[in-house]
Every structure is written in C-alpha cells, then in structure tokens.
Amino acid sequence: MTVQEFWNSGISFLNLCAVYYVTQILKCIQISFIVFVFVYFLRKTLLKNRVFLKGMLWSLFIPVLFAGKIKFFYENTIGILLFSWWTEICKIHIWINWLYLCGIFVYAARLFYKKRKLKKLVAGMERRILEDTSVYVTKMPVTPSTIGIFRPQIVMPEVMLKEYDRKELQAILLHEKTHIQLGHLLFYFLWDILRALLWLNPLLTIGTKFFREDMEEICDWVTIQRSEGKAYAYGRLLLKSMRVLQTENENFNMFATFAGDKEYQNIRQRVTRIALYRPYKQTTAVGTWIAAMLCIIAAVIWIQNISYDRYNENDSMLTYGYDGNNVTFFDNHDALHQMITYDDNYVYVDREAFENYLQENNASGDIFIVFGGFYKLPGIGGFGCSCYYESGSKEPMVKIPYESPMGSWRVKLLKLL
C-alpha cells in the first residue's frame with residue numbers, strides 16, 4: 001500500500017466514524033426534545049411540590065444518551081419517517097458530521113475555559129480553617145459556593161465571616177457540604193457533558209437554570225433537616241445573605257442565589273419553596289433515590305436490548321457487474337442464498353442456476369459476489385467478503401477461493417467502535 005493509499009484509507013475510516021457517531025447523537029437530540037418537554041411538564045404540574053421526585057426527573061436524560069442505535073429508527077415505518085432524514089443527510093454530506101463534532105469541541109472548550117478560569121481565581125484566594133473545614137475567602141461580595149468535583153473547594157466572602165455568628169456560619173457550611181455529599185457537583189459536570197454532546201438542543205442550555213434550581217431545593221431541604229432548624233430561620237438566613245452582600249456592594253445582584261448559581265434570578269420563589277418545607281423520613285428519601293436509579297438502569301438495559309449491537313453479522317448477499325468504469329448490474333435478491341453458499345475459504349456457486357439468473361437480469365461486465373461480514377448500523381459502516389465469478393466453467397458447482405478481510409487492523413478497530 002502506497003502512502004497516498006494509506007492516507008486515503010485513513011481519511012475514509014475517520015469519515016465513517018464521524019458519520020457513525022453523529023447520526024446516533026442526532027437521534028439522541030431529537031429524543032431529548034421530547035424528554036425535556038416531559039420533564040418540564042411534570043416538574044411544573046404533578047411533581048411541583050414533590051422535591052426529591054422532581055429532582056430525580058432529570059436522570060431521565062441518562063437513557064437518552066444510549067438511544068441512538070434503537071432498531072425502531074431503522075425498522076419501523078414511523079421511526080424511518082421521523083428520524084432517517086438526518087441519517088441520509090449525514091451520509092451524503094460528510095462535512096456536516098465534522099461541523100457538528102467541531103461544535104461539540106467548541107462548546108466543551110468554552111465550558112472548560114470558564115471552569116478553569118474560576119479555579120485559578122479561587123487558587124489565588126486566602127485559605128482559612130472554619131469549623132474544621134478548609135474554605136477559600138474572597139473580598140468580592142459573592143455568595144458562598146463550591147467548585148470542583150474530585151477536590152471540592154468552598155468559597156466564602158470575607159464580609160460574611162465578619163457579619164455572621166458561629167451558628168449562621170455553620171448553617172452556610174452545612175449547605176455547601178450537603179451539595180458535595182449529595183453529589184451535586186458531579187451532577188452539574190455530567191449535565192455539562194450532556195449539553196456539549198447535544199448542543200444542537202437549546203432547551204438543554206435553557207434547562208440548566210431549572211436543573212440547578214431543583215438541585216438547590218433538594219439541598220435546602222436536606223440542610224434544614226440536618227441542622228435540626230426551622231424553615232423560617234433558614235429563610236431569614238438566606239435573606240440576610242442578600243442584604244449583607246447588597247450593603248457591601250450596591251452593584252451586587254440582589255437576586256443572586258445562596259449557593260452562587262448566577263442563573264437563578266428570582267430569590268422570592270426560592271424563599272417560597274423553603275416555606276413549604278416539611279420534615280421527611282431519610283429512609284424514604286434514600287429508598288426513592290434507589291428506586292429511581294434502578295428504573296434508570298433498567299431503562300438503559302432495555303434500550304440496549306432493543307438496539308443494534310456494537311457490530312452485527314451480515315447475512316445479506318448481493319451481486320454486481322462492473323465494466324471498468326461503471327456498475328452495469330446490481331441486485332441483492334434473496335434467491336441468491338439458494339444458489340450461492342460459502343465457508344471460511346471458498347464460495348460455492350450453482351453454475352446453471354446462477355448463469356440463468358444473470359441472463360434474466362441482463363447482467364454484463366465482470367460479475368462480483370459480495371457476502372458475509374458485518375455492519376455497524378443499517379447502511380452505515382461495515383465490511384464484507386467478495387469474490388469474482390468467472391464464467392465458462394463446466395463444473396455444476398463452481399468453487400471460488402477468497403480472502404477474508406476480517407483479520408485486518410482496520411476491521412478489528414471498526415468492530416470495537
């Protein structure tokens with residue numbers, strides 16, 4: 001193989017990978033619109049006051065990421081009509097796939113840059129020990145917040161350390177620690193990954209506000225219960241935070257949230273929800289969470305069962321004629337299986353039946369037989385075996401040797417994708 005042939009083969013392989021993944025992602029995007037509407041409707045109606053169930057609704061987006069290979073998209077008439085048009089566009093216009101992948105990279109890079117910038121800002125802050133907890137102190141009038149996933153860092157404004165008593169500071173620290181213990185920082189990170197992969201769905205960016213709002217409400221409830229305090233005192237602490245920070249800086253946004261969520265702009269709604277707090281049983285909350293996770297796992301397993309495998313054995317068979325420049329004949333009729341069989345080394349052709357078949361179909365040019373192999377998705381990716389049929393044999397069963405490409409590195413790599 002020449003350098004040019006190797007280069008062309010590599011480009012072809014990369015294009016195949018781009019089409020394979022982007023067509024799946026685009027189907028996930030279409031489904032994500034439906035899931036978002038469902039989640040938003042439930043959280044605004046039936047589950048409006050069910051704090052924990054409302055927060056768990058967002059886990060429904062996890063199965064969405066596994067839904068790109070569901071057979072319904074390729075085998076059901078409705079699925080084909082609703083979802084196949086993007087697939088055809090991506091197969092014809094390869095540049096669209098690369099454009100979308102560049103969009104993922106740009107979106108992810110933008111999110112990473114913002115988080116990296118924030119991390120550097122926190123690294124330059126003064127570090128203190130507050131109630132046996134390491135915190136980073138800033139002179140800026142910002143609300144307490146926590147950043148990081150594996151090494152969470154709590155940020156506190158200096159003005160609060162001066163204005164608040166010990167009990168109030170304990171409540172604030174407990175709130176931030178609760179975010180960490182409940183895994184909210186990891187959830188926010190996973191949500192960002194979802195947004196980057198499915199960036200073509202603007203509802204996910206809009207929904208970030210609602211997602212964080214629901215996580216914040218869960219954290220408020222858990223913090224109130226753990227502190228053994230009352231919702232009234234907790235609400236007053238929240239309002240005091242806003243008053244102190246506003247006094248510190250008249251330009252400070254009065255509607256910033258207690259946990260630093262800049263997108264949540266209506267503090268009145270949060271205080272109202274805090275007022276609805278009712279003591280709950282921890283075992284009930286944990287049991288609900290476990291049940292929800294089991295349902296999500298079951299949904300993912302079910303989706304895998306009704307989806308195509310990583311690669312699928314191809315039992316189809318086709319023939320085509322080639323005159324050196326153009327394909328003169330092409331057919332994949334089921335009748336070919338009755339006149340052609342094969343094993344690991346040879347193809348066996350019923351000469352009389354096959355030549356009658358070629359004559360009936362006005363086949364011309366060199367005749368090739370393609371068979372076996374595998375495919376990734378119908379019409380997308382795969383390899384097959386082939387052989388050249390040479391007419392003129394007198395044997396009733398023509399025996400044609402062939403070499404299988406299934407042992408090559410390219411085929412093995414494609415199977416792993």
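We use all heavy atoms of the structure for the numbers below, so side chains are in, but hydrogens, waters and symmetry mates are not. From a predicted model like this one, the values you see are computed outputs, not experimental measurements.
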**Message:** With no hydrogens and no angle check, just 3.5 Å: does a side-chain donor-acceptor pair link Arg278 and Gln225?
**Reply:** no

**Asked** What about the rings of Phe52 and Tyr280, do their centers lie closer together than 6.0 Å?
**Response** yes

**Item:** Side-chain donor/acceptor of Ser134 to backbone N/O of Ile129, under 3.5 Å
**Value:** no

**Item:** Residue pair Asp220 / Tyr234, side-chain donor-acceptor N/O under 3.5 Å
**Value:** yes

**Message:** Enumerate the side chain to side chain donor-acceptor pair (under 3.5 Å) contacts for residues 51-71, please, sequence neighbours excluded, ordered by first and then second residue.
**Reply:** Lys54-Glu217, Trp58-Asp214

**Message:** Would the distance check show the side chain of Arg43 and the main-chain N or O of Lys48 forming a donor-acceptor pair, the cut-off being under 3.5 Å?
**Reply:** no

**Fill in**
What one should report as the nearest heavy-atom pair of Gly381 and Leu16 is CA-CD1, 3.3 Å

**Message:** Counting C-beta onward and ignoring hydrogens, is there a side-chain heavy-atom pair between Thr319 and Val370 closer than 4.5 Å?
**Reply:** no

**Asked** Taking all non-hydrogen atoms of both residues, which atom of Tyr402 and which atom of Tyr346 are closest, and how far apart?
**Response** CE2-N, 3.5 Å

**Prompt:** Any cation-pi pair here, Lys27 with Phe83, using under 6.0 Å and within 45°?
**Reply:** no

**Request:** Could you tell me whether Arg50 atom CZ has more than 12 heavy atoms of other residues or ligands within 6.0 Å of it?
**Result:** no

**Asked** His93 side chain to Trp95 main-chain N or O, any donor-acceptor pair under 3.5 Å?
**Response** no

**Asked** Taking it one step at a time, do Lys115 and Ile147 satisfy side chain to side chain contact (heavy atoms under 4.5 Å, CB included)?
**Response** CA-CA 9 Å; Lys115 293 184 181 299; Ile147 67 169; over 6 Å; no

**Message:** Could you check whether any side-chain heavy atom of Tyr100 comes within less than 4.5 Å of a side-chain heavy atom of Trp98, counting everything from C-beta outward?
**Reply:** no

**Message:** Tell me whether Phe105 at atom CZ has more than 12 heavy atoms from other residues, nucleotides or ligands lying less than 6.0 Å away.
**Reply:** no

**Item:** Value rounded to 0.5 Å, distance of OG in Ser307 from CD in Gln24
**Value:** 9.0 Å

**Message:** For the aromatic rings, using the six-membered ring if either is Trp, is the centroid distance between Tyr375 and Phe383 under 6.0 Å?
**Reply:** no

**Asked** Are Tyr74 and Tyr308 close enough that their ring centres sit under 6.0 Å apart?
**Response** yes

**Item:** Side-chain touch Asn76/Leu81, heavy atoms, less than 4.5 angstrom
**Value:** no

**Message:** Pair Ile172, Leu237 - check side chain to side chain contact (heavy atoms under 4.5 Å, CB included), show working.
**Reply:** CA-CA 9 Å; Ile172 293 174; Leu237 179 60; 4.2 Å; yes

**Message:** Check whether Tyr311 forms a cation-pi arrangement with Lys376 (NZ or CZ under 6.0 Å from the six-membered ring centre, at most 45° off the ring normal).
**Reply:** no

**Asked** If you look at every heavy atom in Met140 and Leu121, which pair is closest and at what distance?
**Response** CE-CD2, 3.9 Å

**Stepwise side chain to side chain donor-acceptor pair (under 3.5 Å) test for Thr208 and Trp191** = CA-CA 8 Å; Thr208 301; Trp191 181 260; 2.9 Å; yes

**Asked** Is there side-chain contact between Pro152 and Phe150, with at least one heavy-atom pair below 4.5 Å?
**Response** no

**Item:** side chain to side chain contact (heavy atoms under 4.5 Å, CB included) between Val411 and Trp409, intermediate numbers included
**Value:** CA-CA 5 Å; Val411 174; Trp409 67 268; over 6 Å; no

**Message:** So that I can tick it off, tell me whether Lys209 and Glu216 are bridged by a salt bridge, with the cut-off set at under 4.0 angstrom between side-chain N and carboxylate O.
**Reply:** no

**Request:** Nearest 0.5 Å please: distance from the CG atom of Leu204 over to the OG atom of Ser32.
**Result:** 5.0 Å

**Asked** Are Trp199 and Ile104 side-chain neighbours, meaning at least one heavy-atom pair lies under 4.5 Å?
**Response** yes

**Message:** If we check ring-ring contact (aromatic ring centres under 6.0 Å, His included) with Tyr389, which of these qualifies: Phe368, Phe354, Tyr357?
**Reply:** Phe354

**Asked** Do other residues, nucleotides or ligands put more than 12 heavy atoms under 6.0 Å from the CG atom of Leu416?
**Response** yes

**Prompt:** Taking all non-hydrogen atoms of both residues, which atom of Gly55 and which atom of Ile218 are closest, and how far apart?
**Reply:** CA-CD1, 3.9 Å

**Request:** Validate the cation-pi geometry between Arg195 and Tyr107: distance from NZ or CZ to the six-membered ring centre under 6.0 Å, angle to the ring axis within 45°.
**Result:** no

**Request:** Please tell me if the side chains of Ile340 and Phe371 come closer than 4.5 Å, counting only heavy atoms from C-beta onward.
**Result:** no

**Prompt:** Do side-chain atoms of His337 reach the backbone of Asp315 as a donor and acceptor pair under 3.5 angstrom?
**Reply:** yes

**Prompt:** Just how far is it from atom CG of Leu161 to atom CZ of Arg128, taken to the nearest 0.5 Å?
**Reply:** 5.5 Å

**Request:** Enter the distance from Ile400:CD1 to Met397:CE here, rounded to the nearest 0.5 Å.
**Result:** 11.0 Å

**Asked** Got a donor-acceptor contact below 3.5 angstrom from the Asn314 side chain to the Ser316 backbone?
**Response** yes

**Asked** Just wondering, more than 12 heavy atoms not from Glu390 lying within 6.0 Å of its CD?
**Response** no

**Asked** Can you tell me if Asn361 uses its side chain to pair, donor with acceptor, with the backbone of Leu358 under 3.5 Å?
**Response** no

**Prompt:** Atom CE of Met339 and atom CG of Asn356: how far apart are they, to the nearest 0.5 Å?
**Reply:** 8.5 Å

**Message:** side chain to side chain donor-acceptor pair (under 3.5 Å), that's the test. Do Gln153 and Arg127 meet it? Break it down for me.
**Reply:** CA-CA 10 Å; Gln153 300 167 320; Arg127 186 176 179 183; over 6 Å; no

**Asked** Taking C-beta and beyond as the side chain, do Thr87 and Leu26 meet within less than 4.5 Å on heavy atoms?
**Response** no

Which pairs would a plain distance check flag for residues 286-305, meaning a side-chain donor or acceptor within less than 3.5 Å of a matching protein atom at least two apart in sequence or in another chain?
from, atom 1, to, atom 2, distance (Å)
Thr288, OG1, Thr284, O, 2.7
Asn305, ND2, Ile301, O, 3.4

**Request:** Indicate whether any N or O donor in one side chain lies under 3.5 Å from an N or O acceptor in the other, for Asp343 and Tyr348.
**Result:** yes

**Asked** Where do Thr23 and Cys90 come nearest, in terms of heavy atoms and distance?
**Response** CG2-CB, 3.8 Å

**Fill in**
Value for CG (Asp192) from NZ (Lys114), rounded to nearest 0.5 Å, stands at 8.5 Å

**Item:** Side-chain heavy atoms of Arg273 within contact of Trp221, under 4.5 Å
**Value:** no

**Message:** Does Glu352, at its CD atom, have more than 12 non-hydrogen atoms belonging to other residues, nucleotides or ligands within less than 6.0 Å?
**Reply:** no

**Prompt:** So Leu60 and Phe38, side chain to side chain contact (heavy atoms under 4.5 Å, CB included) or not? Walk me through it.
**Reply:** CA-CA 10 Å; Leu60 291 176; Phe38 178 74; 3.7 Å; yes

**Message:** How close do Leu200 and Pro202 get, counting heavy atoms only, and between which atoms?
**Reply:** O-CD, 3.2 Å

**Prompt:** Crowded around Phe189 CZ? As in, over 12 foreign heavy atoms under 6.0 Å?
**Reply:** no

